Structures are given as structure tokens and as C-alpha cells.
Amino acid sequence: MAFTLTLKPEVEQRLKELAEAERRSMHKTVEVAIQEYLERQERNEWTRQAARRVFEEDAEFFEMLGDR
């Protein structure tokens with residue numbers, strides 16, 4: 001998929017500096033950043049679901065803790 005990305009000048013400059021420091025194109029740097037963001041969101045969702053399961057399965061235990 002192709003699209004145009006408009007960045008604030010200061011963000012574009014930081015991106016350019018990072019891309020140069022990592023010796024890759026700005027395009028590749030943005031691509032890597034998006035991939036890392038998506039992976040982080042997947043981990044966050046997995047963590048939320050796991051916590052929800054724990055709270056549901058151990059609701060009685062947590063209620064007992066709250067009574068103290």
C-alpha cells in the first residue's frame with residue numbers, strides 16, 4: 001500500500017537523523033517503527049485479555065482480598 005505521510009518539520013528532521021544514524025532509508029525507518037508499534041499493541045491486548053481471564057477466574061479470591 002502506498003500513501004503520503006505528512007510530518008511536522010521537526011519530526012521529519014528527527015526521523016531523517018535517526019534513519020541516517022541507523023543507515024537505512026526514512027521509508028524503512030518508518031516501516032520498522034510501524035511494525036514495532038503493531039507488535040506492541042498485540043502484546044498489550046494479550047496482556048489485557050490475560051488479566052481479564054485471571055480476574056474472572058479468581059473473582060471470589062479478589063473479593064475476599066477486598067474485604068480485608
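Since the model is a prediction, treat every value here as computed from it, not as a measurement. All values below come from the heavy atoms of this structure, side chains included, with hydrogens, waters and symmetry mates left out.
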Name the atoms and distances for all side-chain donor-acceptor pairs under 3.5 Å in residues 15-26, with sequence neighbours left out.
unit_1, atom_1, unit_2, atom_2, d
E17, OE2, Q13, NE2, 2.9
E22, OE1, R24, NE, 3.1
E22, OE1, R24, NH2, 2.3
R24, NE, T29, OG1, 3.4
S25, OG, K28, N, 2.9

Can you list every pair that meets salt bridge (Lys or Arg N to Asp or Glu O under 4.0 Å) and has a residue in residues 35-45, with sequence neighbours left out?
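Qualifying pairs, neighbours excluded: E45-R48.
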Do L5 and L38 sit in the same hydrophobic cluster, where Ile, Leu, Val, Met, Phe, Trp and Tyr count as joined when their side-chain heavy atoms come under 4.5 Å apart?
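Both belong to a single hydrophobic cluster.
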Check for me, please, whether W46 and V54 land in the same ILVMFWY cluster - side-chain distances under 4.5 Å, paths through other members count.
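W46 does not cluster with V54.
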